[in-house]
Amino acid sequence: MMDTRVETLPDPATLAARVAEWMTTAALASTGPFRVSLSGGSTPKALYALLASPQFRDRFPWNRVVWYWGDERFVPYYHQESNYGMVRDAMLSKVPVPAANVRPVPTDGTPDDAATRYERMLQADYGAATLDAARPLFDVTLLGLGPDGHTASLLPGEPVLAERRRWVAAVAHGRPQVRLTMTYPAIESSRRVAFLVAGREKAAMLQAIRAGGSDVPAARVRPVGELVWFVDRAAAGER
């Protein structure tokens, strides 16, 4: 059964530090590969930069952690809107991570073909084409919250919200770019799902989700493991 909790931190910097410590503790307590699905956005970017800083770089078990992306814009990796490019510049280029442990979403060919290839790669890493709730795909899944309630590239009103068979799908109306996103089954197959939410512009949406009456995409996430909301005071509506 899903275990949910909310942690409210004073500001975005403290939030990033708390999540960095949380991730590091979980990774160090694990054995074998530790699979992490990453999020784009400015709040996670601060987390990634912190993990690459002297405070965490020498503690984190880089050789065992495998990095995936929960969604990606269908643009080249050098494009300023690339989630992979952001994580590479903020963290991966500054730490001793094995190249084989970095699994970016492909952004060549057609979007549907790229989504299929990423799904097959995930299935190969998982060792099966069907997800088992007793054996989650990821150890940590990081998510953000858009002002419209989207998370990853699960956008309001898009057909991908009803997808339960595919693990990865293309989102044609990506505003402005086409996007690729993990679907609910893949996102929810995680021991820990963490939403990172900062800023007063997120407060109204976060309040609606926490009140339990919202049906926006972020409110529908039901992981097999724990669900943690790391929020700053501004997003929580506090002064």
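Predicted, not measured: the structure shown is a model, and the values here were computed from it.
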Could you report the tightest heavy-atom contact between [X] and [Y], atom names first, then the distance?
X    : Y    : result
A170 : A115 : N-CB, 4.0 Å
S214 : A219 : O-CB, 3.5 Å
A234 : A203 : O-CB, 3.7 Å
H150 : A152 : CD2-O, 3.3 Å
V178 : A172 : CG2-O, 3.7 Å
P217 : P156 : CG-N, 3.8 Å

Test T43 against F230 for side-chain contact (heavy atoms from CB on, under 4.5 Å), laying out the working first. CA-CA 11 Å; T43 305; F230 293 102; over 6 Å; no
Of all residues at least two apart in sequence or in a different chain, which pass the side chain to side chain contact (heavy atoms under 4.5 Å, CB included) check with [X]?
X    : result
P12  : A198, D232
R165 : E163
A17  : L50
D139 : F34, R35, R191, R192

Nearest-0.5 Å distance, [atom1] of residue [X] to [atom2] of residue [Y]:
X    : Y    : atom1 : atom2 : value
S42  : L47  : OG    : CG    : 12.0 Å
F56  : T24  : CZ    : OG1   : 5.0 Å
E201 : L145 : CD    : CG    : 9.5 Å
E158 : L155 : CD    : CG    : 5.5 Å

Under the salt bridge (Lys or Arg N to Asp or Glu O under 4.0 Å) test, residues paired with R59 that sit two or more places apart: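 Counting only residues at least two positions away or on another chain, R59 forms a salt bridge (Lys or Arg N to Asp or Glu O under 4.0 Å) with E21.
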Do V216 and D148 pass the side-chain contact (heavy atoms from CB on, under 4.5 Å) test, and can you show the C-alpha distance, the side-chain angles, and the key distance before you say yes or no? CA-CA 8 Å; V216 297; D148 63 353; over 6 Å; no
Residue pairs passing the ring pair (Phe, Tyr, Trp, His ring centres under 6.0 Å) test where at least one lies in residues 94-133, sequence neighbours excluded: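 Sorted pair list: Y126-W167.
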Is there a path from M23 to L28 through hydrophobic residues (I, L, V, M, F, W, Y) whose side chains come within less than 4.5 Å of each other?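 No, no single cluster joins them.
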Under a 4.5 Å side-chain heavy-atom rule over Ile, Leu, Val, Met, Phe, Trp and Tyr, are V168 and V75 clustered together?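 In one cluster: no.
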With sequence neighbours excluded, what pairs up with [X] under the side-chain hydrogen bond (donor to acceptor under 3.5 Å, both in side chains) test?
X    : answer
D11  : T14
T116 : R166
S153 : D71, R179

Side-chain heavy-atom pair [X], [Y] within 4.5 angstrom cut-off:
X    : Y    : value
W229 : L196 : no
V228 : V193 : no
V231 : E7   : no
S82  : P76  : no
P44  : L142 : no
V65  : N101 : no
E72  : P104 : no
W62  : L51  : yes

Return each pair, listed once, that meets salt bridge (charged side-chain N to carboxylate O under 4.0 Å, His left out) where at least one residue sits in residues 74-93; pairs must be two or more places apart or across chains.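 The answer is R73-E81.
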Salt bridge (charged side-chain N to carboxylate O under 4.0 Å, His left out) contacts in which one or both residues fall within residues 92-111, not counting sequence neighbours: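 Sorted pair list: R103-D125, D108-R117.
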Hey, does the side chain of [X] reach the backbone of [Y] with a donor-acceptor pair shorter than 3.5 angstrom?
X    : Y    : answer
K45  : M86  : no
R200 : E238 : yes
T151 : G144 : yes
S189 : L137 : yes

Donor-acceptor side-chain pairing of S30 and R64 below 3.5 angstrom: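 Indeed, the side chains of S30 and R64 share at least one donor-acceptor pair under 3.5 Å.
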Can you name the ring pair (Phe, Tyr, Trp, His ring centres under 6.0 Å) partners of Y48, sequence neighbours left out?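 With neighbours one apart ignored, the set is empty.
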If the test is side-chain contact (heavy atoms from CB on, under 4.5 Å), which one of I209, T141, I187 qualifies with V221?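 Checked I209, T141, I187 against V221; only one passes side-chain contact (heavy atoms from CB on, under 4.5 Å): I187.
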Among W69, Y68, Y78, W67, which residue satisfies the ring-ring contact (aromatic ring centres under 6.0 Å, His included) criterion with Y84?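 Single pass found, and it is W69.
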Could you go through the side-chain contact (heavy atoms from CB on, under 4.5 Å) check for E119 and M182 one step at a time? CA-CA 8 Å; E119 176 177 271; M182 290 189 194; over 6 Å; no
Go through it in stages, so that I can follow the logic: the residues are T183 and V160, the test is side-chain contact (heavy atoms from CB on, under 4.5 Å), and I'd like the CA-CA distance, side-chain angles, deciding distance and then a yes or no. CA-CA 7 Å; T183 61; V160 69; 4.1 Å; yes
